[in-house]
Amino acid sequence: MPVVISFVSTKGGVGKTTVAANLGGLLAAFGLKVLAIDADVQPSLSKFFPVHYRSSQGLTAVVTSGGNPSADCISRTIFSNLDLVYSDTPDAALQAWLNRREDRLMILRRAMRSPLVDPYDVVLIDTQGAVGELQKSAAMAADVMVSPVRPDALSAGEFATGTIAMLDELDRLADFGESFRSGDLLALINAHERTTNARALAAVLRQRFSEHSKVHVLDTIIPSAAAYAAAATARVPVHDFDRRQRFENSAWNVMHRLAWELFPSLANVYAGAPPCSTGDTGTGGIRQGAVA
Ligand SMILES: Nc1ncnc2c1ncn2[C@@H]1O[C@H](COP(=O)(O)OP(=O)(O)OP(=O)(O)O)[C@@H](O)[C@H]1O
Ligand SMILES: [Mg+2]
């Protein structure tokens, strides 16, 4: 069965789509078979990378099939091993459809066990930065949730209240039985500026959740860098856009560190090119496996 990671936050603009797309691009370059699902009603993951085969249907068919789609729902990006379920629900119709279903929170989890998804090693589900049934269904489908947090007061505050409240709500479902248990939530500090304020907020976040049983703050920090927007404009994975292996915080190194932290079994696997001879792309700072 694939490892499923959902990107969730109740705040918009924190980097969910950016991280989901670029992690997908890197894992696919490692040779893993990756399915990216755009579960945001405002599609942006759907447009992130060029597609060379567009399926006749997308997310709506996956959801309204009750999680067992038989239709042609999977598009192929131009990158090997990286496939896509695009978002095709521009209005509130899908959220409304879900609202009428008693099993709404389990529908995407069911889809993760369907023959459609079975061939994949990793599934990455991107969601909208707001509260809703589709986001909760995506969260329940995940082995682990990743929640990017910008180290500014608004973003960190929303994470500590809104996103954690959503997690707590999902956690209460476990009272109905083990099969309703949600995964852990990994906070990922994203767009970190080299300022005292950002450093202080990152430290507060770590301190605040150090004892939390289901929330962990990842060691990897994604700096604020122009490469992330520029790579999105060029529609290429950012590790391929900024390949400076000697620069510790290049997108190449940062994205490798993130992938290795999430999947320790991939430590020292590189996206095609070997590391530079100085070895400055090593695994320093990576502690233990967050996902597998
Ligand atoms: N590490 C980073 N450094 C600089 N810019 C970044 C970084 N991460 C994301 N961005 C930029 O921030 C903006 C918002 O990112 P993104 O769209 O990924 O957020 P999101 O959480 O998916 O938003 P939404 O909730 O609206 O879907 C984009 O313009 C993106 O290029
Ligand atoms: Mg997004």
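When a residue number appears, it is its place in the shown sequence, counting from 1. All ligand and atom numbering here is 1-based and tracks the order in the structure.
- Residue Asp126 does not touch ligand 1, judged by heavy-atom distances below 4.0 Å.
- Between Thr17 and ligand 1, at least one N/O pair is under 3.5 Å apart.
- Nearest protein heavy-atom contact of atom 19 (O) of ligand 1 is Gly15 N, 3.0 Å.
- The protein atom (non-hydrogen) at minimum distance from atom 26 (O) of ligand 1 is Gly13 N, 3.6 Å.
- For atom 25 (O) of ligand 1, the nearest non-hydrogen atom from the set Lys11, Glu193, Lys16 comes from Lys16.
- For Arg208, the CZ atom counts as loosely surrounded, since its 6.0 Å shell holds 12 or fewer non-hydrogen atoms of other residues, nucleotides or ligands.
- Here the side chains of Leu188 and Leu186 are not in contact, with every heavy-atom distance at 4.5 Å or above.
- At a threshold of 4.5 Å between side-chain heavy atoms, the hydrophobic network of Ile, Leu, Val, Met, Phe, Trp and Tyr places Leu201 and Ile222 in two separate groups.
- The aromatic rings of Trp260 and His256 lie perpendicular to each other, with more than 60° between the two planes, well past the 30° mark.
- For the pair Lys33 and Asp83, the salt-bridge criterion is met [side-chain N within less than 4.0 Å of a carboxylate O].
- At a heavy-atom cutoff of 4.0 Å, ligand 1 is contacted by no atom of Val19, backbone or side chain.
- The closest side-chain heavy-atom distance from Val122 to Leu23 is not below 4.5 Å.
- At a heavy-atom distance under 4.0 Å, no atom of His192 approaches ligand 1.
- In this pair, Phe79 and Phe49 present their aromatic rings perpendicular. The plane angle is above 60°, beyond the 30 to 60° band.
- Atoms of ligand 1 found under 4.0 Å from any heavy atom of Asp40 (numbered from 1 in listed order, with element): 27 (O).
- The closest approach between any non-hydrogen atom of Ala226 and ligand 1 is not below 4.0 Å.
- For atom 29 (O) of ligand 1, the nearest protein heavy atom is 4.0 Å or more away.
- Aromatic pair Tyr270/His239: ring centres not closer than 6.0 Å.
- Two residues are said to be in side-chain contact when any heavy atoms from C-beta on lie closer than 4.5 Å; Leu32 and Leu266 meet this criterion.
- Protein heavy atom in closest approach to atom 4 (C) of ligand 1: Ala225 O, 3.2 Å.
- Hydrophobic cluster membership is shared by Leu26 and Ile78, with clusters built from Ile, Leu, Val, Met, Phe, Trp and Tyr side chains linked at under 4.5 angstrom.
- Val254 and Val146 fall within the same hydrophobic cluster, where Ile, Leu, Val, Met, Phe, Trp and Tyr residues are linked whenever their side-chain heavy atoms come under 4.5 Å apart, directly or through other members.
- Looking only at heavy atoms of the protein, atom 13 (C) of ligand 1 is closest to Arg150 NH2, 3.8 Å.
- Two residues are said to be in side-chain contact when any heavy atoms from C-beta on lie closer than 4.5 Å; Met1 and Val123 fail this criterion.
- Atoms of ligand 1 lying under 4.0 Å from at least one heavy atom of Gly129, given by number and element, are 25 (O).
- Heavy atoms of Ala232 found under 4.0 angstrom from ligand 1: none, in either backbone or side chain.
- Regarding atom 8 (N) of ligand 1, its nearest protein heavy-atom neighbour is Asn190 ND2, 3.1 Å.
- Contact check for Ile107 versus Asp103: side-chain heavy atoms found under the 4.5 Å cut-off.
- Applying the 4.0 Å criterion to heavy atoms of Ile222 picks out, from ligand 1, the atoms 1 (N).
- Heavy atoms of Ala229 found under 4.0 angstrom from ligand 1 belong to the backbone as well as the side chain.
- Residue contact annotation: Thr17 places an N/O/S atom under 2.8 Å from the Mg ion (ligand 2).
- Set against the non-hydrogen atoms of Thr18, the atoms of ligand 1 under 4.0 Å away are 8 (N), 9 (C), 15 (O), 16 (P), 18 (O), 30 (C).
- Within ligand 1, counting atoms from 1 as listed, the ones closer than 4.0 Å to a heavy atom of Val14 are 19 (O), 20 (P), 21 (O).
- With ligand atoms numbered from 1 in the order given, ligand 1 contributes 25 (O) to contacts under 4.0 Å with heavy atoms of Gly12.
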